[in-house]
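Predicted model only: the values in this text are computed from it and were never measured.
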Amino acid sequence: MYAIITTGGKQYKVAKGDVIDVEKLDAQPGDKVKLDVLLFNDGKSIVVDPEKVSKMTVQAEVVEQFKGTKQLVFKFHKRKRYHRLKGHRQNLTKLSIVKLPAKPRAAKTATSDAAKTDAALKAE
């Protein structure tokens, strides 16, 4: 069972118990956050219907706020004595996936309701 979630403009495939690093969220360590679901797979069926998926959320717990590894940006023009070196460290949040959405229930149809009432009338 897994879900595809979106946060910070990126998409992640998560299952219960996974630990992921995402772009910084405004939450303190220990806080619970809810993430939007784009796709849900329960092992038997895949749910991508926007109406059903919009009601689902994945619950995660903030483990820590930290800075990622340094990314170096080096610019260089040969024979021009031009070189520039800059570094960047992205602020990140480590999340632990606590709870996936429950399996969506099938909608009741008019034929199944009619069949139940017919069976009840015959029993009387």
Side-chain angles (χ1 to χ4, degrees):
M1 184 175 352
Y2 67 90
I4 305 291
I5 61 166
T6 180
T7 179
K10 297 178 178 72
Q11 298 175 3
Y12 301 90
K13 177 182 175 183
V14 296
K16 186 174 180 181
D18 285 354
V19 177
I20 59 173
D21 297 334
V22 300
E23 289 195 21
K24 186 176 181 185
L25 299 174
D26 291 330
Q28 299 299 320
D31 290 351
K32 305 272 188 203
V33 293
K34 293 185 178 184
L35 305 169
D36 297 331
V37 177
L38 297 177
L39 176 142
F40 179 69
N41 183 351
D42 64 354
K44 296 178 183 174
S45 63
I46 297 173
V47 179
V48 292
D49 182 26
E51 292 178 5
K52 292 180 183 177
V53 172
S54 65
K55 298 174 186 173
M56 295 181 185
T57 58
V58 169
Q59 189 174 13
E61 181 178 354
V62 176
V63 177
E64 68 174 319
Q65 301 279 4
F66 67 102
K67 281 192 167 188
T69 59
K70 181 170 272 196
Q71 302 296 319
L72 297 178
V73 179
F74 184 69
K75 297 181 180 181
F76 177 75
H77 295 182
K78 65 181 184 177
R79 294 188 299 271
K80 304 293 183 200
R81 292 186 183 175
Y82 176 83
H83 50 83
R84 299 288 181 263
L85 178 67
K86 289 191 176 187
H88 173 74
R89 292 184 69 189
Q90 184 70 35
N91 292 320
L92 299 172
T93 301
K94 188 178 293 281
L95 296 176
S96 174
I97 305 301
V98 177
K99 183 179 171 186
L100 290 178
K103 181 180 176 183
R105 296 179 180 167
K108 292 183 179 180
T109 60
T111 57
S112 64
D113 291 339
K116 288 179 185 177
T117 56
D118 290 341
L121 290 174
K122 288 179 184 177
E124 293 177 2

Please report the interatomic distance CD(Q90) to NZ(K24), rounded to the nearest 0.5 Å. 10.5 Å

Looking at K16, I want to see if its NZ is surrounded by more than 12 non-hydrogen atoms of other residues, nucleotides or ligands under 6.0 Å. no

Point-to-point distance, once rounded to the nearest 0.5 Å, from CZ of R84 to NZ of K75: 9.5 Å

Find out whether K94 and V19 are in side-chain contact, i.e. whether some heavy atom of one side chain is under 4.5 Å from a heavy atom of the other. yes

Geometric class of the H77/Y82 ring pair [parallel <30°, tilted 30-60°, perpendicular >60°]: tilted

Is the backbone of K34 close enough, under 3.5 Å, to the side chain of T57 for a donor and an acceptor to pair up by distance? no

Look up atom OG in S96 and atom NZ in K32, then write down how far apart they are to the nearest 0.5 Å. 8.0 Å

Smallest separation among heavy atoms of E61 and G30, with atom names: OE2-CA, 3.9 Å

Hey, any chance V53 and L39 share a hydrophobic cluster, counting ILVMFWY side chains that come within less than 4.5 Å of each other, even indirectly? no

If you apply the rule side chain to side chain contact (heavy atoms under 4.5 Å, CB included), what do you find for L95 with V62, and how did you get there? CA-CA 5 Å; L95 296 176; V62 176; 3.8 Å; yes

With a 6.0 Å cut-off (strictly less than), is the heavy-atom count around CG of D26, excluding the residue itself, greater than 12? no

Could you tell me which non-hydrogen atom of A3 sits nearest to which non-hydrogen atom of F40, and how far apart they are? CB-CD1, 4.1 Å

Closest approach of G8 and E23, non-hydrogen atoms and distance? O-OE2, 3.7 Å

Would T93 and V33 satisfy side chain to side chain contact (heavy atoms under 4.5 Å, CB included), going step by step from the backbone distance to the final call? CA-CA 11 Å; T93 301; V33 293; over 6 Å; no

Using atom types as modelled and distance alone, determine if a side-chain donor or acceptor of R89 lies under 3.5 Å from a backbone N or O of T69. no

Sub-4.5 Å side-chain heavy-atom contact between P101 and V58: yes

Assigning hydrophobic clusters by single linkage (Ile, Leu, Val, Met, Phe, Trp, Tyr; side-chain heavy-atom cutoff under 4.5 Å), is I20 placed with M56? yes

Tell me whether I97 shares a hydrophobic cluster with I4, the cluster being built from Ile, Leu, Val, Met, Phe, Trp, Tyr side chains joined at under 4.5 Å. no

Hydrophobic cluster identity match, I5 and V48, side-chain contacts under 4.5 Å: no

Verdict with supporting geometry, D21 and F66, side chain to side chain contact (heavy atoms under 4.5 Å, CB included): CA-CA 9 Å; D21 297 334; F66 67 102; 3.6 Å; yes

Just how far is it from atom CG of L38 to atom OH of Y12, taken to the nearest 0.5 Å? 12.5 Å

Look at the side chain of Q65 and the backbone N and O of L25, then say whether any donor-acceptor pair between them is shorter than 3.5 Å. yes

hydrophobic_cluster_shared for M1 and V47, side chain cutoff 4.5 Å: yes

